[in-house]
Chemist: 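Below are the C-alpha cells for one structure; questions will follow.
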Protein chains: 2
Amino acid sequence: MSTIKEIAERANVSRTTVSRVLNNSGYVSEEVKKRVLKVIEETGYVPSENAKSLRTKKTKVIGVILPKISTETSSRLVNGIDEVLAEKGYQILLTNTNLIPEKEIEFLRLLKSRHVDGVILSATNINEQLVDEIYRLKIPFVMVGQRISGLPNVVFDDYQATRDIVNLLIKKGHKKIAFIGVDEKDHAVGYLRKLGFIESMKESHLPIEKSWIQKGIFDMKSGYNCMKLILDSSQNKPTAVVAVTDRLAIGAMQYIKEIGLSIPGDIAIAGMGASELSKFISPPLTTIDFSFEDAGREAASLLLEKINGHDYHETIRTIKYRLLERDSI
Amino acid sequence: MSTIKEIAERANVSRTTVSRVLNNSGYVSEEVKKRVLKVIEETGYVPSENAKSLRTKKTKVIGVILPKISTETSSRLVNGIDEVLAEKGYQILLTNTNLIPEKEIEFLRLLKSRHVDGVILSATNINEQLVDEIYRLKIPFVMVGQRISGLPNVVFDDYQATRDIVNLLIKKGHKKIAFIGVDEKDHAVGYLRKLGFIESMKESHLPIEKSWIQKGIFDMKSGYNCMKLILDSSQNKPTAVVAVTDRLAIGAMQYIKEIGLSIPGDIAIAGMGASELSKFISPPLTTIDFSFEDAGREAASLLLEKINGHDYHETIRTIKYRLLERDSI
DNA sequence: CTGTAATATGGAATCGATTCCATAATAATG
DNA sequence: CATTATTATGGAATCGATTCCATATTACAG
C-alpha cells in the first residue's frame, strides 16, 4: 500500500503538492499535475481515508443502529437511507442491537469513537439512560420510529394509522374488535397503537372485553398464541382483530384457519406494516403501508441537513402512510 | 471530545502511560492506573479508533458489498455475517451496488481506502476486471455465491440443488418440464442452475421444447411474463415449471392462477431460495432452502481465519441446502 | 554493598494525510 | 525598471493514538 510520501518522491514533488492534486485545491502547474496523476495511476495509489479523517475530522461514514438486522422493516429502512447517503458519498456503518437495549448505548459510544459524521437510530424503546447518552454525544443524530424531544425525529403516525384501521372495521359493521399489541415500552408500536385502538373504540361507544386485548412479541408464533387466547378465554368472541404488525396478524390468521373459521367471514383481521407477505397470504391482509424507505430517505436527508447546518432544535418529520384495504376484512 | 493528551494532563501522567492503561499492556502501578481510570470515567473519554488504526493498521471494520440491499437474501446473509463478526468486535461497513457491476470495483477501492480489515463480496456476476481488482487488493477477502479461483469462496451447490428439484419432479411423473432462469452471466444462478436442469432432463431422456426455457430478471413481474411466454408460445404445454428464484416462481404462479389453471393439478411449480413468502403463498411453494445465514456465518468465519492466518490458497466452503417439498408440486 | 533484574514512567518518533506559512518564480502594473 | 499580484512549490506542524527507547526507581541475588 503506497502512501502520499511515496507518490511525492516518485513524482519528484512534495507531499503538499500531491495533496493539492488530490483535492485539486491551491495552485499546481499543469505539468506537475499531469506528472503526479500519472504516478498515481501507475501505482494504483488510493489515499488513506483514515489518515485524512484524522486531520479533517470528517469520515463520510454514518452509523446506523438497528434493533434487528434481517427484518423487512430494517432492510427497507436501510435501503432508503443508503439511497440518499450513497449519492453524497457517505457509507453506512451498520450495527445491530438484536433488541438488547444496553447495546444501543454501547454502539452509540462505539460509533462516536469511530468518529462517524452522524448517527441514525431505529429504536424500539427508549429509556432515560439512552436519551442521556444521545444528548451527551453531540453528534448529528436522527431518531427513527420513536420520538425524543429536542432532537430530530422521523416518526410514523402510529396513533392515527391504528385509528384509521379500527374505524374502517367499525364502518364495516364490526362492534366486537380484538387487539393484539406489544409491550408498551415500545412507545410507538406498543403504546400509541394501543391508544389509537382504545380511543377509537371509545368514541364509537363500543365495549372492549379484557381478554380481547393481548400482548405478544414480534413474531408469528406469538400472534398465533394471542389469537388462541382471545378466542379461547371468553364466550364473547370478537368479529374482528387488529394486530400491530403483519407478522402478528399472520400468526393470528394461522390459528383462525386452523380452528376452521373463515376470514373474513367469521373473523376479519388487519395488520400493520405492509410486509411483502401481507399481499400474498390468503386472504390478502388489510394493513397499513408505512413506507420505511421514505422514512430512511427522510432520516438521511434530515441528518445531512444537521451535518451541514448545525441547528439543533427539535424537528419532527411524520411519514405518511396508506391504508391498504384487502380481502381479510 | 477529549483526547489522550487531555487525559494525561488531568491525571498527571504521560500519554504513554494512559495508553498503557487503555490497552493494559506494559507496567503501570496500581495507583496510577486507578487515577487514570478515574479521569477517563469522569470525562467520558473514548479513544479515537481513527487515530488508533492509523498507527496499528487495524480498523476492526469489515466491508460488505451487496448487490441489492433490501432483499431477503442479502439481509439474511448480513445477519449471518454480523452474528459472527459482532462477537469478535468487528463492525460492518455496508455498500450496495444496486446490481451495477462497475460499482463493485468502485466499492472495492473505497473499502481499501478505508483500510477495512477484510471484504466480503456477494456478487451476481464476475467479470475479468473485477477479478483483477480483487487480486490487486491484497486484503483478506471472501466471495459469496460465486466462485473465483484462487480465493476463499462460500458457495451454494446450485447445480446439484437444481438437479434435485428436477429429479423430484421427474420422479413424480412429470415429463414436460419448463424452466425460468436468469442471465447466464450470473454464473451461479444463471448458468449452473440452467445446466442442472438441462442435464437432469437429458439423463432422463426427456425432451425440452425451446419455448420452455425462458430468461427473466429478479422480480415477480418477470416470472409472470416468462410463464405467459411458456404457456402461450406452444401447443405443447409443460406440466411442471422450475424457476431459479422464488420470486420468479411466485410471479409464474400468478399467471397460472390468472388463466384458471390449478397448481399443482394442471401445472406443478418449484422455486429456489426458500423466501419467507414461499411458505405462505397458496399453495405453499416447493423450494430449496440455501440458508443464507449459514453462508454469512461461514463467510465471516473464513474471513476471520484469513485475517489471522494469512494463508491465501483457494478455499471452498459449500453451504448445504435442503429441499423443501410443499404443496405446489 | 555492588550488579542485575524487574517495575514504572516519560520523551519522541511514527502512522498518512491536510494545511498554515514561507519562499521562489513569474506576470502584471504603474 | 521597481513594485505588487499571482502562481507554484515545499517545509513543518498537526490530528490522536501507539510504541520503541531511554531513564529512574525499587527489589533481589550473590
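Lettering follows sequence order; numbering is per chain, from 1.
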Chemist: Would you tell me if any nitrogen or oxygen in the side chain of B/Thr17 comes within less than 4.0 Å of OP1 or OP2 on C/dG10?
Modeler: yes
Chemist: When you get a sec, tell me which of C/dA12, C/dT19, C/dA6 is the closest nucleotide to the side chain of B/Tyr27?
Modeler: C/dA6
Chemist: Hey, is A/Glu42 close enough to A/Lys38 for a salt bridge, meaning N to O under 4.0 Å?
Modeler: yes
Chemist: From C-beta outward on A/Ile4, which listed nucleotide comes closest to its side chain: C/dG16, D/dG10, D/dA17?
Modeler: C/dG16
Chemist: Looking only at side-chain atoms of B/Ser19, point me to the closest of D/dG10, D/dT19, C/dG10.
Modeler: D/dT19
Chemist: When you measure from the side chain of A/Lys52, which nucleotide among D/dT9, C/dT18, C/dT14 comes out closest?
Modeler: C/dT18
Chemist: For D/dG16, does either OP1 or OP2 sit under 4.0 Å from a side-chain N or O belonging to A/Lys57?
Modeler: yes
Chemist: Between B/Arg317 and B/Glu305, does at least one N-O distance fall below 4.0 Å, as a salt bridge requires?
Modeler: yes
Chemist: Verify the contact: side-chain N or O of B/Ser29 to OP1 or OP2 of C/dT9, cut-off strictly under 4.0 Å; return yes or no.
Modeler: yes
Chemist: Check every atom of D/dT18, D/dC20, C/dT18 against the side chain of B/Thr16 and return the nucleotide holding the closest atom.
Modeler: D/dC20
Chemist: Any idea which of D/dC20, C/dC21, D/dG16 is nearest the B/Leu54 side chain?
Modeler: D/dG16
Chemist: Has the side chain of B/Arg20 got a donor or acceptor atom sitting under 3.5 Å from an opposite partner on the base of C/dG10?
Modeler: yes
Chemist: Look at all strands and tell whether A/Val18 reaches a base, only sugar-phosphate, or nothing, counting heavy atoms closer than 4.0 Å.
Modeler: nothing
Chemist: Kindly write out the residues that satisfy side-chain contact (heavy atoms from CB on, under 4.5 Å) with B/Arg35, not counting sequence neighbours, or none if the list is empty.
Modeler: B/Asn12, B/Val13, B/Glu31, B/Val32
Chemist: Measure from the side-chain heavy atoms of B/Arg55 and tell me the nearest of D/dT19, C/dG10, D/dA8.
Modeler: D/dT19
Chemist: Provide, to the nearest angstrom, the distance between the CG atom belonging to B/Asn12 and the P atom belonging to C/dA8.
Modeler: 18 Å
Chemist: Are the charged groups of B/Glu133 and B/Arg109 less than 4.0 angstrom apart, N to O?
Modeler: yes
